[in-house]
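Read the structure below first, then the notes.
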Amino acid sequence: MTARSLRGFFAILSAVGLAACGANSANEAMPPATDLDRSATLAATCSGCHAGPETAMISLDGLSKEVLSDAMHRYKSELDGTTVMHRLARGYTDADIDAVSTYLAASAEVE
Amino acid sequence: MGGWIGRRGVLAGMSAAAVSSLAAPEAFAQIRTRLVVIGGGFGGATAARRLKALLPGADVTLIEPNATYMACPFSNLVVTGLRDLGAQIFSYAELSKEGVTVARDRAIDVDAVARTVVLEGGATLSYDRLVLSPGVDLRWDALEGYDETTARRLPHAWKAGAQTALLRDQLASMENGGLVVMTVPPAPYRCPPGPYERASLIAHYLKTQKPRSKLLILDAKDNFSKMPLFMEAWAELYPDHLEWRSASEDGRVSAVSAADRTVFTDFESVQGAVVNIIPPQRAGEIAVRAGVADATGWCPVNAISFESTLQPNIHVIGDASIAAPMPKSAFAANLQAKICAIAIVRMLSGQTPQPTVLANTCYSYTGPDAAVSITGVYTNEDGSLSSVPSAGGLSPLAATDSVRAAEAAQAEGWFSAVTAEAFG
Ligand SMILES: Cc1cc2nc3c(=O)[nH]c(=O)nc-3n(C[C@H](O)[C@H](O)[C@H](O)COP(=O)(O)OP(=O)(O)OC[C@H]3O[C@@H](n4cnc5c(N)ncnc54)[C@H](O)[C@@H]3O)c2cc1C
């Protein structure tokens, strides 16, 4: 497992509440640092809407870093955009868009 | 998947001591980290699940007196007959499956020095870190004549369940022509746009079912959340069925008389056929017992970790916390829970919680198939929350029906996502 896919694996575990991990993990404690850094806290906002079954809120699972970050940049740059995502994207720096896109893409990578 | 040792490579930045103390093998079960969460609502249920997911080896206990949770978001649709109350009910079964100990009990005291929680059932639990998400208590001392008994005649429906059904049934059995009165408290209170969403849906109900009736809103404020959007919708859709009276127009209600369903402003009294009192609120009583509420009745926190600024090792999230400009919403409670869980794990491993960017979106229905939204983006850089300038804002004014319908569909999507996050 590469470091990148491992990171994705853990992100998924936390996203699904570790249900799949079973007894094997019962005595293991600290999650990897990537689950605890700024990108994890940024992504916590996304899952407020983009979690659970796919609805009018699209699922972010399986989207690449490029797709996610392009979408965020497009929302951010469309100054006349009025959707919730336009209003949200304006609050994020390019560095944060990069960090959260990397984190979310890694979460889905191993599926 | 490799064993724990194989994964150490990714633990950049974790101290070896922290890892070994928290990665205790079975033989050292007595030193397992004890995390207790009080309140199984949007904040507490999310926090308990996240803590267990991040720290599978820790003992995570959720204390909640009710067997199931009744969600407030979308309950305004229930009040007006557009949704079943059953669609608001969520269970804790998934939390139990994931290894959270769900204690069906009420916390009656917290000793912040001994780090213990006393339960109504008699047990005392010790904690390393405590998360409080008790939501709001209605202030029964704030409006003369309004208490738990009179609320059975003049429903608040500001906690979902029997009160929601009561208001629904009163509206349903009201005669065509009856006046509906709603009173709105001063800020802060749970769900700032909630009263106006309810007003819109009640007006829609009256317009379609009881056209000779009308809703009068008596407000303790002059401004409210999403005001331009609600005002636009009301003028267009409900000009004959809804009247809003601001504080400056004598809208502030200071007393009620349940017997004749009358409310009193400074200069007037108004009698309604149905009277919905949304009373002033404060943090749930257990926050006072724990010593984390201040003179305002709410709980000051460090907004990076959501740790109380009054008591160490106790975190307060959700409606009970002082997080303005973040509103008291289910979206905010869910997000604060996730940020708080990450902060707690970092603190347990000797790391400082990091500041971040947070956001909130609240949808409100203005009719059965139309919704509007408010979005805010916040930073907690200096330990308190502030809005990121130039981000956030409202749905556009003068939008097409399809824009409003799209936001109604998003509202439904949000509800399934946030309830899946909290309850699985
Ligand atoms: C009509 C209405 C509409 C709303 N619509 C929306 C919306 O569209 N979007 C949105 O984001 N928000 C909405 N909200 C707001 C949302 O319901 C709250 O912000 C949210 O529930 C707050 O979560 P919480 O965890 O702080 O509290 P709660 O969800 O109220 O949970 C608190 C829990 O703690 C338990 N508890 C309390 N004291 C104790 C104790 N001593 N021991 C053990 N357990 C205890 C309670 O039983 C309860 O289960 C709405 C609210 C209302 C009233």
Side-chain angles (χ1 to χ4, degrees), chain A residues 1 3 6-7 9-10 13-19 21-59 76 80-93 96 99-100, chain B residues 1-2 4 7 9-14 18-19 22-26 33 49-50 52-58 97-99 331 334-335 338-339 342 345-346 349 351 354 356-359 361 373 375 377 388 390-393 395-396 399 406 409-410 412-414 416-421 424:
Chain A
M1 240 180 188
L6 196 61
R7 196 158 60 172
F9 174 68
F10 277 107
L13 287 189
S14 71
V16 300
L18 266 156
C21 209
N24 192 33
S25 62
N27 298 309
E28 295 167 358
M30 292 309 295
T34 46
D35 262 8
L36 304 176
D37 68 11
R38 183 173 170 106
S39 57
T41 55
L42 291 170
T45 294
C46 311
S47 57
C49 289
H50 301 280
E54 171 135 349
T55 55
M57 302 294 188
I58 63 155
S59 167
K76 188 179 165 180
D80 54 352
T82 57
T83 69
V84 167
M85 281 309 303
H86 286 102
R87 289 177 252 149
L88 284 170
R90 285 173 201 136
Y92 292 80
T93 62
D96 278 344
V100 77
Chain B
M1 99 171 66
W4 174 254
R7 289 177 212 158
V10 293
L11 283 171
M14 295 263 163
V19 169
L22 286 154
E26 201 73 75
T33 306
R49 293 186 76 205
R50 283 298 168 127
K52 190 65 189 172
L54 290 168
L55 290 178
K97 263 191 235 160
E98 290 166 0
F331 189 110
N334 170 256
L335 174 56
K338 293 180 282 190
I339 303 278
I342 290 170
V345 178
R346 286 185 72 99
S349 69
Q351 294 180 307
Q354 290 174 309
T356 193
V357 175
L358 301 85
T361 296
S373 63
T375 292
V377 184
V388 175
S390 78
S395 311
Q410 287 167 27
E412 276 182 50
W414 166 76
S416 34
V418 79
T419 51
E421 284 261 290

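Below, chain A is the first sequence line, B the second, and so on; all start at residue 1. Just the heavy atoms: all of them, side chains too, but no hydrogens, waters or symmetry mates, feed the values below. Keep in mind that what you see is a predicted model, and the values were worked out from it rather than measured.
Between chain B and the options A/D37, A/V100, A/T93, the largest number of non-hydrogen pairs under 4.5 Å is found for A/D37. Ranked by non-hydrogen atom pairs under 4.5 Å with chain B, the options A/A56, A/P53, A/S39 are led by A/A56. Contact tally against chain A (heavy-atom pairs below 4.5 Å) for B/A417, B/P396, B/A406, B/A391: the top residue is B/A417. Among the candidates B/I339, B/T375, B/N334, the residue making the largest number of heavy-atom pairs closer than 4.5 Å to chain A is B/T375.
Looking at heavy atoms from C-beta onward, A/T82 lies out of side-chain contact with B/S395 at the 4.5 angstrom threshold.
Among all heavy-atom pairs drawn from B/F331 and A/C49, the shortest one is CE1-SG, 3.8 Å. B/Q351 and A/L36 make their closest contact through OE1-CD1, 4.4 Å (heavy atoms, listed as atom of the first residue, atom of the second, distance). B/A359 and A/L88 make their closest contact through CB-CD2, 3.5 Å (heavy atoms, listed as atom of the first residue, atom of the second, distance). Minimum interatomic distance between B/Q410 and A/M57 (heavy atoms only, all atoms of both residues): O-CE, 3.1 Å. Scanning both residues, A/T55 and B/G413, for their nearest heavy atoms gives OG1-CA, 3.1 Å. Contact record, A/S47 with B/R50: OG-NH2, 4.1 Å, taken as the closest heavy-atom pair.
Heavy atoms closer than 4.5 Å to chain A are found in the side chain of B/T361, but not in its backbone. For chain A, no part of B/E412 is nearby; none of its heavy atoms comes within less than 4.5 Å. B/A420 touches chain A through its side chain: at least one heavy atom from C-beta onward sits under 4.5 Å away, while N, CA, C and O do not.
Exactly one residue among B/L335, B/V357, B/I342, B/L358 makes a side-chain contact (heavy atoms from CB on, under 4.5 Å) with A/T41. That residue is B/I342.
A/R38 places no side-chain N or O within 3.5 Å of a backbone atom of B/Q354 that could act as its donor or acceptor partner. Between the side chain of A/R90 and the backbone N or O of B/S390 there is no donor-acceptor pair closer than 3.5 Å.
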